Student: 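Before anything else, here's the structure in question.
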Amino acid sequence: MPMIQDILTSSLRGALVALGVDPVPDRIPVERSNRPELGDWSSSVALAAAKASGRKPRDLADELAARLGADPPAYVAEITVAGPGFVNFRLHDRWLHDVLTEVIEQGEEGYARYDLGHGERVNVEFVSANPTGPLHVGAGRWAVYGDALCRILERCGYGVHREYYVNDRGVQMGLLAASVAAAKAGRPTPEDGYKGQYISDWAAEMADDADPGAWAPQRAVADIQGALGALNVTFDTWFSEKSMVESGAIDAALTDLRASGLVYESDGATWLRTTDLGLAKDEVILKTGGEPTYLLGDLAYHRDKFTRGFTRLIDIWGADHHGHVARLKAGVRALGHDPDELEIVLGQLVTVERGGEVVRMGKRSGTFVELAEVVEEVGPDVARLTFLLQSIDTRQTFDLDAVVSKSMDNPVFYVQYAHARIASIGRVAGERNVPRYPLEMVDLSELTHPRELDLLRSLGELPEVVADACRTRAPHKVATWVRELAGRFHGFYHDCYVMGEGVSHEQTQARLWLVESTRIGLAIGLGLLGVSAPDSM
RNA sequence: GCCCCUGUAGCUCAGUGGAUAGAGCGGCUGCCUUCUAAGCAGCGGGUCGCAGGUUCGAGUCCUGCCGGGGGCGCCA
C-alpha cells in the first residue's frame with residue numbers, strides 16, 4: 001500500500017515538473033480519500049502549489065488531471081478534480097487484491113513489520129511501583145501500556161529489554177518493615193505507616209524469626225509479580241535499588257558526578273548544582289547523614305543502563321512523577337550522557353470509580369482496589385483492552401462496575417468474536433469438504449463487494465498504523481484499528497457468505513483467502529496488544 | 001505563580017493541517033430456513049470549552065482566557 005502512495009507521489013511530481021511549476025513542493029501530499037464516492041486516494045497538491053504555478057488551484061488541478069490521465073499511473077482507473085482543487089484517483093480494485101496477496105505472502109510473522117529500529121537496543125522501564133504493597137488497579141495502565149509498546153517496538157525492529165526498577169531501599173521501606181513488624185507484635189501501626197489489610201495478612205505469614213526489613217519487600221515483589229503475570233506482563237530484569245549500594249554502583253555514580261564539578265556540600269547534605277543545568281534549584285543527592293536520595297539512586301540506575309549498552313532508554317511514569325523529569329535529565333547530562341537518549345513517557349493518571357463514587361487510592365490508608373482482584377474477575381483480555389483503547393495522554397476513569405458487570409459488552413469480545421467466527425468458517429469448510437486452493441490459482445477479482453473491499457482497505461493500512469503507533473508511542477492506535485477491522489469483518493460476515501447456496505465456487509475461494517488475510521490482521525493486531533485471539537467463544 | 005496533560009454526541013472515547021467530524025454504550029425500530037445474533041442495519045443525537053491569530057483550508061498549529069487532572073520535597 002505505501003507503494004501506491006509512492007506511485008502517485010512520483011507521478012504528480014513528474015506532472016508538476018512537466019507543467020513548469022517552480023518550485024515543486026518538497027512534500028507532495030497523497031492521502032487516502034475519506035470520500036469514497038470521489039475516489040480512493042486524493043492529493044491536495046494543487047492547492048498548495050497553486051501560487052508557485054501562477055494558476056488558480058482548480059485550474060492547476062485540472063491540468064494535472066489531464067496530464068496524468070493521458071498516461072495513467074499503475075492501478076489508476078480514473079482521475080477527477082473536485083472541491084477547491086483536489087485531484088482524486090479512483091483505482092482498479094486490483095490494488096486491494098494485491099494487498100490480500102501481500103498479507104498472505106508475508107503472513108502473521110512478516111506483514112506489518114517495519115524496520116524502524118534497525119536492531120537498536122532499547123531499555124523500557126515501566127510500572128516500577130514501590131514494593132510497599134500490592135499493585136492497585138491504576139498501575140495496570142502502565143503495565144499494559146508498557147508491554148504493548150514493547151511488543152510494537154519489537155515488531156518495528158528494536159531489540160527490547162523490559163525492566164522493573166524495584167525501590168527496595170529508603171524511607172518507605174523502613175516504614176513498610178515497621179508496619180509489618182508492628183502488626184506481627186500486635187502493636188499499633190507506626191506514624192505514616194501502612195495500614196492496609198495486607199499488612200496484617202503478611203505479618204501472619206511471616207516467620208517469627210524473619211527480618212521484616214528483608215522479608216516484607218520480597219513479599220511485596222512476589223505479590224506484584226503475581227499480579228503482573230496474571231495480566232501477561234513479564235520483565236527481563238527486576239533491578240534492585242538496594243543492590244546498587246552493595247555493588248558500588250551508587251558510589252560510582254557519585255564519583256562521576258563529583259568529576260563533573262557540580263557537586264557541593266551545604267547544610268550537612270550533598271547537592272548537585274542543577275541550576276547550572278537549567279533547573280530552578282539545586283538537588284540533594286546525599287541527605288544529612290549520608291543516605292542517598294531517590295534521585296541519586298535513580299541516576300546510578302540510569303548510568304547502569306547506559307553502561308549495559310542500551311542506546312535508548314524509555315521510562316514510563318505516571319504524571320505524578322512529572323517533577324522528577326527535569327531532575328533526572330539534568331543528572332543524566334551531568335553524568336556525561338545525552339539527555340535525548342532518555343525518553344520519558346508520562347501517562348495521565350487513572351481514576352477508579354465504583355458505584356459512581358471515586359475510590360481514593362492510598363496504600364498507607366489502605367483504601368485501594370487491587371489490580372489482581374480486577375484481573376481475576378474480568379480476565380487479562382478485558383483488563384488489557386480497557387486500558388489500551390484510550391490514549392495515555394488523557395486521564396482514564398476506570399469504572400469498576402462498568403468493567404466488571406458489563407464485561408460482556410467490552411469491545412474485546414467484539415474483536416475476539418470476529419476471530420472466532422473466522423475460525424468457525426474454517427471448521428465448517430472442513431466439515432463440508434470445501435478445499436482451499438493455492439492462492440495463485442484463485443481469481444481475486446471476485447472480490448468486488450463494498451464489504452470485501454473495506455476489509456482490504458483496513459488491512460492495507462495496518463503497516464502504517466503499526467509504524468505510527470511505534471513512532472508516537474501510542475499503542476491505542478493499534479487498538480482502534482483492530483476494532484475497526486473487526487467491525488468491517490462483522491459487516492462482511494453478515495452480507496457475504498463464504499460458502500453455501502448462492503455463492504459460486506470462485507467466490508468461495510476468493511473469500512476463503514479474504515477471511516484468512518483478515519485472520520492474519522486480527523492476529524497481528526491482537527498480538528501487539530497482548531490480547532488472545534480465540535478460535536471459539 | 002511556573003511547568004505538563006486535557007476539554008469533541010446524554011455517557012466513555014477515536015479523529016496523519018484537508019472536502020459532509022466518527023465509533024461504542026445508552027434510547028427507539030427492523031433482521032436468525034445457508035458459515036457462531038457476543039452479530040448486522042436504520043432513526044435520533046454536535047456553536048469540536050470561549051476569543052483572537054497563522055493558512056487557499058483549523059477539531060488538529062500559535063496566543064490569551066475559562067474549566068478539569070497532575071507536578072514544583074533531604075517522599076518515591
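Predicted model only: the values in this text are computed from it and were never measured. First the proteins, then the strands, lettered A, B, ... as listed; each starts at 1.
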Student: Using a cut-off of less than 4.0 Å, is there contact between a side-chain N or O of A:Thr480 and OP1 or OP2 of B:rG22?
Tutor: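 For B:rG22, OP1/OP2 do not have a side-chain N/O of A:Thr480 under 4.0 Å.
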
Student: With rounding to whole Å, what would you report as the distance between B:rC56 and B:rG64 at their C1' atoms?
Tutor: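 Result for the C1' pair: 26 Å, nearest Å.
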
Student: Can you measure A:Phe86 atom CZ to B:rG17 atom P for me and round it to whole angstrom units?
Tutor: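 A:Phe86 atom CZ is separated from B:rG17 atom P by 14 Å.
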
Student: Figure out the OH/P separation between A:Tyr414 and B:rA38, and round it to whole Å.
Tutor: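 Between P of B:rA38 and OH of A:Tyr414: 13 Å.
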
Student: Report which part of the nucleic acid A:Ser42 touches: base, sugar-phosphate, or nothing (heavy-atom distance under 4.0 Å, all strands).
Tutor: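 Base contact.
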
Student: Looking at every strand, decide which applies to A:Asp168 at a 4.0 Å heavy-atom threshold: base, sugar-phosphate, or nothing.
Tutor: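 If one applies the 4.0 Å heavy-atom cut-off, A:Asp168 turns out to touch nothing in the nucleic acid.
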
Student: Remember a base hit wins even if backbone is also touched, and classify A:Ser391 as base, sugar-phosphate or nothing at under 4.0 Å, heavy atoms.
Tutor: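 If one applies the 4.0 Å heavy-atom cut-off, A:Ser391 turns out to touch the sugar-phosphate alone, with no base involved.
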
Student: Within this structure, what is the CH2-to-P distance between A:Trp481 and B:rA23, rounded to whole angstrom?
Tutor: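 Between P of B:rA23 and CH2 of A:Trp481: 19 Å.
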
Student: With heavy atoms under 4.0 Å as the rule, sort A:Asn34 into base, sugar-phosphate or nothing.
Tutor: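 Result for A:Asn34 = base.
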
Student: Sticking with atom P, work out how far B:rC25 lies from B:rG67, rounded to a whole angstrom.
Tutor: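 Rounded to whole Å, the distance is 35 Å.
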
Student: More than 12 non-hydrogen atoms from neighbouring residues, nucleotides or ligands closer than 6.0 Å to CZ on A:Arg333, yes or no?
Tutor: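 Counting neighbours around CZ of A:Arg333, 12 or fewer heavy atoms of other residues, nucleotides or ligands fall under 6.0 Å, so no.
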
Student: Which heavy-atom pair separates A:Lys477 from A:Ala469 by the least distance, and what is that distance?
Tutor: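 It is CB-CB, 4.2 Å.
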
Student: Within the structure shown, what part of the strands sits under 4.0 Å from A:Ala420 by heavy-atom distance: base, sugar-phosphate, or nothing?
Tutor: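 If one applies the 4.0 Å heavy-atom cut-off, A:Ala420 turns out to touch a base.
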
Student: Between B:rG52 and B:rG59, how far apart are the P atoms? Round to whole Å, please.
Tutor: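 Each nucleotide's P atom is 14 Å from the other's.
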
Student: Test A:Leu296 against A:Thr270 for side-chain contact (heavy atoms from CB on, under 4.5 Å), laying out the working first.
Tutor: CA-CA 11 Å; A:Leu296 179 55; A:Thr270 304; over 6 Å; no

Student: Say you pick atom C1' in B:rC28 and the same atom in B:rG10; how far apart are they, in whole Å?
Tutor: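 Per the computed distance, 15 Å lies between those C1' atoms.
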
Student: Describe the nucleic acid contact of A:Arg432 in one word from base, sugar-phosphate, nothing, applying a heavy-atom distance below 4.0 Å.
Tutor: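 The residue A:Arg432 makes sugar-phosphate contact but no base contact.
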
Student: Both distances below 3.5 Å, Watson-Crick or wobble geometry, any strand: find the nucleotide opposite B:rU34.
Tutor: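 Its partner: none found.
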
Student: Should A:Tyr493 be counted as stacked on B:rC40, where stacking needs a ring-centre gap under 5.5 Å and an angle between planes under 30 degrees?
Tutor: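 No, A:Tyr493 does not stack on the base of B:rC40, since the centre distance and plane angle fail the 5.5 Å and 30° test.
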
Student: With a 4.0 Å cut-off on heavy atoms, is A:Val498 in touch with a base, just the backbone sugar-phosphate, or nothing at all?
Tutor: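 Touches a base.
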
Student: From CZ of A:Arg488 over to P of B:rA14, roughly how many Å is that when rounded to an integer?
Tutor: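 The answer, rounded to whole Å, is 19 Å.
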
Student: Any side-chain N or O of A:Tyr417 below 4.0 angstrom from OP1/OP2 of B:rA38?
Tutor: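 Answer yes for this pair, as a side-chain N or O of A:Tyr417 is under 4.0 Å from OP1 or OP2.
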
Student: Give me the distance, rounded to whole Å, that separates B:rU54 from B:rG7 when you measure between the P atoms they each carry.
Tutor: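 Result for the P pair: 25 Å, nearest Å.
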
Student: I'd like the P distance from B:rU29 over to B:rU60, given in whole Å.
Tutor: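 So the two P atoms sit 39 Å from each other.
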
Student: Please classify the nucleic acid contact of A:Glu37 as base, sugar-phosphate, or nothing, using heavy-atom distances under 4.0 Å.
Tutor: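 Since a base atom lies under 4.0 Å of A:Glu37, the category is base.
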
Student: Heavy-atom nearest nucleotide on RNA chain B for A:Arg427 versus A:Asp495: which residue maps closer to 5'?
Tutor: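 Between the two, 5'-proximity favours A:Arg427.
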
Student: Using the six-membered ring wherever Trp is involved, compare the ring planes of A:Tyr164 and A:Trp238 and label them parallel, tilted or perpendicular (cut-offs 30° and 60°).
Tutor: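 A:Tyr164 and A:Trp238: parallel rings.
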
Student: Should A:Gln390 be listed as having a side-chain N or O under 4.0 Å from OP1 or OP2 of B:rC13?
Tutor: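 Indeed, a polar side-chain atom of A:Gln390 lies that close.
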
Student: Remember a base hit wins even if backbone is also touched, and classify A:Thr394 as base, sugar-phosphate or nothing at under 4.0 Å, heavy atoms.
Tutor: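 Sugar-phosphate only.
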
Student: Distance between the C1' atoms of B:rG53 and B:rG17, in whole angstroms?
Tutor: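 To the nearest whole Å, 15 Å.
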
Student: Whole angstrom is fine here: how far is it from CZ in A:Arg483 over to C1' in B:rA38?
Tutor: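 Interatomic distance, CZ of A:Arg483 to C1' of B:rA38: 15 Å.
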
Student: Could you tell me whether the phosphate oxygens of B:rA76, OP1 or OP2, come under 4.0 Å of any side-chain nitrogen or oxygen in A:Arg169?
Tutor: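 No, because none of the side-chain N or O atoms of A:Arg169 sits under 4.0 Å from OP1 or OP2 of B:rA76.
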
Student: Looking at every strand, decide which applies to A:Tyr497 at a 4.0 Å heavy-atom threshold: base, sugar-phosphate, or nothing.
Tutor: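 Base contact - A:Tyr497 has a heavy atom under 4.0 Å of at least one base atom.
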
Student: Output the rounded distance in Å from CD (A:Glu501) to C1' (B:rU33).
Tutor: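 For the pair A:Glu501 CD and B:rU33 C1', the rounded distance is 10 Å.
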
Student: Under 4.0 Å: is that the gap between some side-chain N or O of A:Arg451 and OP1 or OP2 of B:rA41?
Tutor: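 Affirmative; the distance criterion is met.
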
Student: Mark up nucleotides 67-74 of chain B, 5' to 3', with B wherever a protein heavy atom is under 4.0 angstrom from a base atom, S wherever such an atom reaches only the sugar-phosphate, and - elsewhere.
Tutor: -SBBSSSB

Student: If we count only N and O atoms by modelled type, under 3.5 Å, do the side chains of A:Gln416 and A:Asp381 hold a donor and an acceptor together?
Tutor: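 Yes, side-chain donor-acceptor contact under 3.5 Å.
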
Student: Check the phosphate of B:rA37 against A:His490, side-chain N and O only, distance under 4.0 Å to OP1 or OP2. Yes or no?
Tutor: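 A:His490 to B:rA37 OP1/OP2: no side-chain N or O under 4.0 Å.
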
Student: To the side chain of A:Glu31, which of B:rC35, B:rU16, B:rC56 is closest?
Tutor: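 My answer, after comparing the listed nucleotides, is B:rU16.
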
Student: Between B:rC56, B:rG39, B:rU6, which nucleotide gets closest to the side-chain atoms of A:Arg421?
Tutor: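 For A:Arg421, the side-chain atoms sit closest to B:rG39.
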
Student: Can you tell me, in whole Å, how much space there is between the C1' of B:rG18 and that of B:rC13?
Tutor: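 Per the computed distance, 23 Å lies between those C1' atoms.
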
Student: What is the separation between atom CG on A:Asp401 and atom P on B:rU12, rounded to the nearest whole Å?
Tutor: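 The answer, rounded to whole Å, is 15 Å.
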
Student: Looking only at heavy atoms, which two atoms of A:Leu272 and A:Ile285 are closest? And how far apart?
Tutor: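 Reported closest heavy-atom pair: CB-CG2, 4.1 Å.
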
Student: For B:rC2, what is the paired nucleotide under Watson-Crick or G-U wobble rules, both distances under 3.5 Å?
Tutor: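 Base partner found: B:rG71.
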
Student: Once you apply the 3.5 Å cut-off to both distances, tell me the Watson-Crick or G-U wobble partner of B:rC56, or none.
Tutor: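 For B:rC56, the partner nucleotide comes out as B:rG18, under the 3.5 Å rule.
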
Student: Roughly how many Å is it from CE in A:Met537 to P in B:rG39, rounded to a whole number?
Tutor: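 Interatomic distance, CE of A:Met537 to P of B:rG39: 9 Å.
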
Student: Between A:Leu349 and A:Gly318, what is the shortest heavy-atom contact and its length?
Tutor: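 Residues A:Leu349 and A:Gly318, closest heavy atoms: CD2-CA, 4.1 Å.
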
Student: Before accepting this row, confirm whether a basic side-chain N of the pair A:Arg258/A:Glu265 lies closer than 4.0 Å to the acidic partner's carboxylate O.
Tutor: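 Salt bridge between A:Arg258 and A:Glu265, a charged N being under 4.0 Å from a carboxylate O: yes.
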
Student: Since syn is defined as within 90° of 0, does B:rC61 count as syn or as anti?
Tutor: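 Base orientation relative to the sugar is anti.
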
Student: Say you draw a straight line from CE of A:Met537 to CZ of A:Phe413; how long is it, rounded to the nearest 0.5 Å?
Tutor: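 The CE atom of A:Met537 sits 6.0 Å away from the CZ atom of A:Phe413.
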
Student: Mind telling me whether A:His136 and A:Phe368 have parallel, tilted or perpendicular rings, with 30° and 60° as the class edges?
Tutor: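 If you compare the ring of A:Phe368 with that of A:His136, the planes turn out perpendicular.
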
Student: Return the nucleotide paired to B:rC43: Watson-Crick means purine N1 to pyrimidine N3 with N6-O4 or O6-N4, wobble means G-U with N1-O2 and O6-N3, both under 3.5 Å.
Tutor: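 Across any shown strand, B:rC43 pairs with B:rG27.
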
Student: Which residue pairs pass the salt bridge (Lys or Arg N to Asp or Glu O under 4.0 Å) test when at least one of the two sits in residues 493-504 of chain A, sequence neighbours left out?
Tutor: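 Found A:Arg451-A:Asp495.
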
